[in-house]
Amino acid sequence: MNPVYITSIGKFLPGAPIGNDEIEDYLGQINGKSSKSKRRILEQNQIRYRHYAINKEQKSVYTNAEMASLAIHDALARNKADLGGKVEFLAVGTTQGDLLVPGFASMVHAEIRLPVMEVATHQGVCASGMQAMKNAYLHVQSGEQQTAISCASEFPSRVFKHTRFEAQEGLTDRPVPFNTDFLRFMLSDGAGAAVLQHEPAASGLSLRIDWIDNKSYANVYDVCMYAGTNKENTKQASWLDYSSVHEAANDGAINLKQDIRLVNEMPKVGVKRFFELVDEGKVDPTQIDWMVCHYSSHFFREEIFRLLQLGGLTIPEEKWFTNLYTKGNTGAASIYIMLEELLNEGHLKPGEQVLCMVPESGRFQTSYMMLTVVGSSSEGIAAFEEREPEAPHLTYDNTDDVQTHLVRQLVQVWIDFEQKLAHVPVIHKLYNHKFTLDDYKALMENIRQQVIDGSQWIARAASYIAIEHIDLRSTFIAHARDEHRDFQILERNYTAVGGDLSTIQAGEKNIGSEALSAYLFQRASRDNPVDLIGAMWIIEGLGFRMARYWGEMIRDQLGLSDEEVSFLLYHSDSDELHFERLETVVQHPMLTAELAARIVKTAKTTARLYLLQLEELGNV
């Protein structure tokens, strides 16, 4: 049997952290009323922040499979080896995928765009992530595969939005039952992924998997956390047995629920198995350096501590690790997201033992995993420089509802864009100090034509703005004038680092650049194309927020001078003026709710196509 090592771990948490006072801004108030249970539940779980993959209009910003793929790309980018074509097995766990059929792992495989491989779907609740981990572990241990990925992703927020409950006839005259309302303030969205290999990473720290123990107690307990039936209605065993989906929904059979009468059994089952592992000689409490326990609420942490003390075994509180309070309860993904923070933020040292515990209340399971830290601590902290997403600042009249709504929507579009940007391969290489001179040249070659086109589509847009809005036309013309020679700065940077001028001048647009350019020229050729400030929000935002950040990293990683990254440094300064022009448009009297919606859609489309341009470097 081969030893198995976790050689890198990644995560994806959608959007900015959401505080307790914002929860119902995203999930909505059912029938316009705040939950009476909210305060009590939050006091018990003590979660202060969480992440949602829906926005305040309750629309999904990501799919569950997309979040999983972003976590996987994060894990691969953090790995010391180039594993793009070497992953042979993918195991994925989730509570509810995006589709009923096919399996969730197939949907994730499609998202990550890796070669043909074997996949396995594990569907359950919290333990499904550990089931995926064990499956990947066994495949590598047996020697059948040398590299595998284990992943878990959760997207519960979309099943808790207020409209789902307001549409249920069974809730017309009564509040949402506590067994469902309870979970609205317990669960959040996120994904984590681990790369498993038969050898440790060439440098830095790895986690050797010593053993994984998964046990089901479904033969002892009734179902506790579930969706697809109504335990109060004994006439129907499954939502599929109702005469229609509508009837099942009206009876609450599709709602995600927790049987509060049973849930307190969960810590008892978990601690009982811990005592058994001690008796079996698998766990020596005195040798544990880190106890990484997924508990869904602070309430259960205290109960676990109490039960351990009753059994005469204690693990000092300072050895317990969780990020529940700041990352939220992400179910099956929680154990990955905790281990990601431990490994990537420098908490671990070679030789330490890490015991992971994941209890599940679905129909009661427990999962334990013992890890040993191996490798060199001097290289254990990843040189990862990604920042927390933050939208560029726009000044607007906050007493104007249309302006306020527009800016709020643009901020959400930006945060989503910046998060996805960090996972584009070339940018992730930069953040992980893997960026090369060839990467820099390729980046310049691929964006040159888009830089040239920029002043042209802005000038075209100006020509289509009606004379009665001549002030806006002047704003667009000034913008085009500022940018029409920027490509020459780019060419000077390219030749300064050894590139051949004829090569960059002869370069073709990649397929992403073709799509971006075609879209922007198409929008610019319409009457009064003022919605293009949505495109400027993305493109100028890159300059305003990211250009100097990237330019200084490229300069420092490659040992270049300011003159050799001057295109990026220049845009950081010049785009501040451009943002003042955007503010002129946002505050213009012609702004209506309809135009604001168009601006937001243009910003979303531009963001996606700009990502495609960076994803498709060299693909002409």
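None of the values given here were measured: they were computed from a predicted structure.
Summarising the local packing, NZ of K272 is surrounded by 12 or fewer heavy atoms from other residues, nucleotides or ligands at distances under 6.0 Å. The environment of D279 atom CG is dense: over 12 non-hydrogen atoms of other residues, nucleotides or ligands sit within 6.0 angstrom.
Residue pairs satisfying the salt bridge (Lys or Arg N to Asp or Glu O under 4.0 Å) criterion with at least one member in residues 305-315, sequence neighbours excluded, are listed as follows: E303-R306. Counting only residues at least two apart or in different chains, salt bridge (Lys or Arg N to Asp or Glu O under 4.0 Å) contacts with residues 200-210 comprise R208-D210.
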When the side chains of residues 189-196 are checked against the rest of the protein, which donor-acceptor pairs come out under 3.5 Å, sequence neighbours left out?
residue: D189; atom: OD1; partner: S157; partner atom: N; Å: 3.2
residue: D189; atom: OD2; partner: A53; partner atom: N; Å: 2.7
residue: D189; atom: OD2; partner: S157; partner atom: OG; Å: 2.6

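When the side-chain contact (heavy atoms from CB on, under 4.5 Å) test is applied to Y49, the partners found at least two apart in sequence or on another chain are P17. Scanning for side-chain contact (heavy atoms from CB on, under 4.5 Å) contacts around R39 gives E43, with sequence neighbours left out. Partners of H198 under the ring-ring contact (aromatic ring centres under 6.0 Å, His included) rule, at least two apart in sequence or in another chain, do not exist in this structure. For S367, the side-chain hydrogen bond (donor to acceptor under 3.5 Å, both in side chains) partners at least two apart in sequence or on another chain are N214. Partners of F182 under the ring-ring contact (aromatic ring centres under 6.0 Å, His included) rule, at least two apart in sequence or in another chain, are F178. Residues satisfying the ring-ring contact (aromatic ring centres under 6.0 Å, His included) test with Y226, not counting sequence neighbours, are none. Contacts of A201 classified as side-chain contact (heavy atoms from CB on, under 4.5 Å), with partners at least two apart in sequence or in another chain: T7, K80, S206. Every ring-ring contact (aromatic ring centres under 6.0 Å, His included) that F305 has, sequence neighbours left out, goes to W320. Residues forming a side-chain contact (heavy atoms from CB on, under 4.5 Å) with L100 (at least two apart in sequence, or on another chain): W239.
Inspection of the T163 and Q58 side chains reveals no N or O donor paired with an N or O acceptor under 3.5 Å.
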